[in-house]
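Data first, discussion second: the structure below is written as structure tokens.
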Amino acid sequence: MNRSVLINGASIAGPALAFWLRRHGFEPVVVERAPAFREGGHAIDLRGVAHEVVRRMDLSAEVRRASIGTRGMSFVDASGRPRASMPVELLGGEGAVGEIEILRGDLSRVLYDATRGDTEYIFGDHVTALADDGDGVEVRFAGGGRRRFGLVVGADGIHSAIRALVFGQEAGFARHLGSYTSYFTIPYPVAHDRWDRYHTPLGGRAVAIRPTARPDEAKALFGFTSPPLSYDRYDADRQKKIIADRFADVGWEVPRLLEAMWEAQDFYFDTIGQIHMDRWSSGRTVLLGDAAYCPSALSGLGTSLALVGAYVLAGELAAAGGDHRAGFAGYEREMRGYVTASQARANGGETGFLFPKTKAHVLMRDMMLRSLPYLPWRGLIVKRLQQADAITLKDYPS
């Protein structure tokens, strides 16, 4: 019946899947490489159908309490003066800032708290080998342990170790979208409820300061366009130098942000990219969320895909009576169109909007935003954005 399920990854998709698997009578075990529950992280959006998944989990109140309350984004000049703005309401919560923004770690905490009472979590360990013999999967862990499971789920992000073990190296599935992003926490004892975003006149570079739920801190974000770079993903000092070099000549708040960067303990740097795969399962192993179909931060739908994917995967396995072949096939059938539309949303010009490369592009962006509230076809823009977040959720009785 495949009731024992190992889930690799304890960010969003993993705990969400554990929640639904438990509700359907499965026995999930979640393993996480980090030594303890990971707090913090960047701000993520909860949009559209993801709200319905959270409602069905009876976690809407907890999520809203943990949300940041961001009211929009202001585009500023080098002196910090707002030149254009995008309030949340401008595009019905489907714009650059979603109706609900929440730190990744805070949403993880809500999901973790909802599952840790009846789900085994293993921190500080990770999978190093899988052996699928047709009747189950023998799993070897870095800590030396070995266990057998009916199914294995890779919910471990864009650089998924499970995907590498079962499907092959990342290069065969990754698609670089032409830019990089970095973020970290900074001291910021100034009340604010919106992003401040600054674009340099040249070079496709952007810097932003955005609020968190804490009154004395903020997140600094850097982004720039670039062909693929070669660097060690685990060498934070090298990555910080990349940011420092790229933004050495930029004004606004950048000098003090770069100074704070060298002391930041939560520094993050990565490509803005997608994962494209012809299939998301092999034998008794299946991928979920960014590991299978990362849409990139440009789509604003990564969290939605993780939450909806977890709901559908657990539901299809339950509907199939634990038959992984039928369950995995149903999961892909239900999710494929939603994934394709979500990934396409990131290819609709958002890179140029977020990383304008010339002063003329900046001016055009500002003019467009200032005129957008008065455009008669603004509703069509909202409809197009909503279509990328459209999937009809089936009911899966517990």
Side-chain angles (χ1 to χ4, degrees), residues 5-24 26 28-34 37-38 41-42 44-54 56-57 59 63 102-116 119-123 126-127 149 151-164 166-167 173 270 274-275 277 280-281 285-297 299-317 327-328 331-332 334-336 338-339 342-343 389 391 393 396:
V5 184
L6 176 68
I7 304 169
N8 196 62
S11 183
I12 304 298
L17 179 62
F19 178 96
W20 291 112
L21 287 176
R22 268 294 179 189
R23 181 165 289 191
H24 292 301
F26 292 83
V29 175
V30 181
V31 61
E32 167 58 48
R33 185 171 193 146
F37 177 81
R38 293 187 298 152
H42 60 94
I44 53 182
D45 297 311
L46 206 63
R47 302 174 184 271
V49 70
H51 290 289
E52 176 61 16
V53 173
V54 171
R56 294 186 185 192
M57 300 171 89
L59 295 176
V63 168
I102 182 172
L103 290 182
R104 179 209 57 77
D106 290 344
L107 179 55
S108 264
R109 170 64 71 181
V110 170
L111 297 170
Y112 175 61
D113 286 345
T115 55
R116 61 178 175 171
T119 297
E120 180 184 357
Y121 278 84
I122 303 170
F123 289 99
H126 61 278
V127 176
F149 295 91
L151 304 173
V152 172
V153 181
D156 46 353
I158 190 172
H159 304 299
S160 171
I162 299 299
R163 187 183 62 231
V166 177
F167 296 89
F173 311 108
D270 207 348
Q274 295 181 336
I275 296 295
M277 303 184 71
W280 302 330
S281 66
T285 299
V286 65
L287 302 176
L288 173 66
D290 281 357
Y293 35 76
C294 176
S296 89
S299 73
L301 292 173
T303 303
S304 295
L305 285 176
L307 290 171
V308 174
Y311 173 81
V312 172
L313 175 56
E316 290 295 325
L317 283 170
F328 292 169
Y331 161 60
E332 180 151 349
E334 293 295 317
M335 287 293 295
R336 181 62 75 169
Y338 181 37
V339 166
S342 298
Q343 291 183 326
D389 191 20
I391 180 175
L393 294 179
Y396 298 106

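Count residues from 1 along the sequence.
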Nearest-0.5 Å distance, CG of residue Leu313 to CE of residue Met335
9.5 Å
Would you compute the distance between atom CD1 of Ile158 and atom CG of Asp290 and round it to the nearest 0.5 angstrom?
6.5 Å
Spatial distance of atom NE2 (His126) from atom CD1 (Ile162) [nearest 0.5 Å]
10.0 Å
Which residues pass the side chain to side chain contact (heavy atoms under 4.5 Å, CB included) test with Ala34, not counting sequence neighbours?
Glu32, Arg38
If the condition is side-chain hydrogen bond (donor to acceptor under 3.5 Å, both in side chains), which residues does Glu334 pass it with, not counting sequence neighbours?
none
With sequence neighbours excluded, tell me which residues meet salt bridge (Lys or Arg N to Asp or Glu O under 4.0 Å) with Glu52.
Arg55, Arg56
Non-hydrogen side-chain atoms of Leu111 and Met57 separated by less than 4.5 Å:
yes
If you round to the nearest 0.5 Å, how far is CE of Met277 from CG of Leu287?
5.0 Å
Mind jotting down which residue pairs meet the side-chain hydrogen bond (donor to acceptor under 3.5 Å, both in side chains) criterion with at least one end in residues 152-161? Sequence neighbours excluded, please.
Asn8-Asp156, Asp156-Ser160, His159-Glu170, His159-Asp270
With a 4.5 Å cut-off on side-chain heavy atoms, are Val286 and Leu151 touching?
no
Is there a donor-acceptor pair closer than 3.5 Å between any side-chain N or O of Gln274 and the backbone N or O of Gln343?
yes
What heavy-atom pair brings Tyr331 and Val312 nearest, and what distance separates the two atoms?
CA-CG1, 4.0 Å
side-chain hydrogen bond (donor to acceptor under 3.5 Å, both in side chains) involving Glu316 - partner list, sequence neighbours excluded
Lys394, Tyr396
Determine whether Val127 and Val152 make a side-chain contact, defined as any pair of heavy atoms from C-beta on separated by less than 4.5 Å.
no
The ring pair (Phe, Tyr, Trp, His ring centres under 6.0 Å) partners of Phe167 (sequence neighbours excluded) come to none
With sequence neighbours excluded, residues passing ring pair (Phe, Tyr, Trp, His ring centres under 6.0 Å) with Tyr293
Trp280
Looking only at atom types and distance, does a side-chain atom of Thr119 sit under 3.5 Å from a main-chain N or O of Arg116, one as donor and one as acceptor?
no
Within the 6.0 Å centroid threshold, strictly below: Tyr121 and Phe37:
no
Can you tell me how far apart CG (Leu307) and CG (Leu301) are? Round to the nearest 0.5 Å.
11.5 Å
Identify each donor-acceptor pair in which a side-chain atom of residues 10-20 lies under 3.5 Å from a protein atom, sequence neighbours left out, and give them as a table.
none

For Ile7 versus Ala155, what's the shortest heavy-atom pair and its separation?
CG2-CB, 4.1 Å
dist Leu317:CG -> Phe26:CZ (nearest 0.5 Å) comes out at 5.0 Å
Residues which pass side-chain hydrogen bond (donor to acceptor under 3.5 Å, both in side chains) with Ser296, listed by chain and number, not counting sequence neighbours
none
Please list, chain by chain and in numerical order, all residues satisfying salt bridge (Lys or Arg N to Asp or Glu O under 4.0 Å) with Arg33, sequence neighbours excluded.
none
Applying side-chain hydrogen bond (donor to acceptor under 3.5 Å, both in side chains), can you list everything that pairs with Arg22, at least two apart in sequence or on another chain?
none
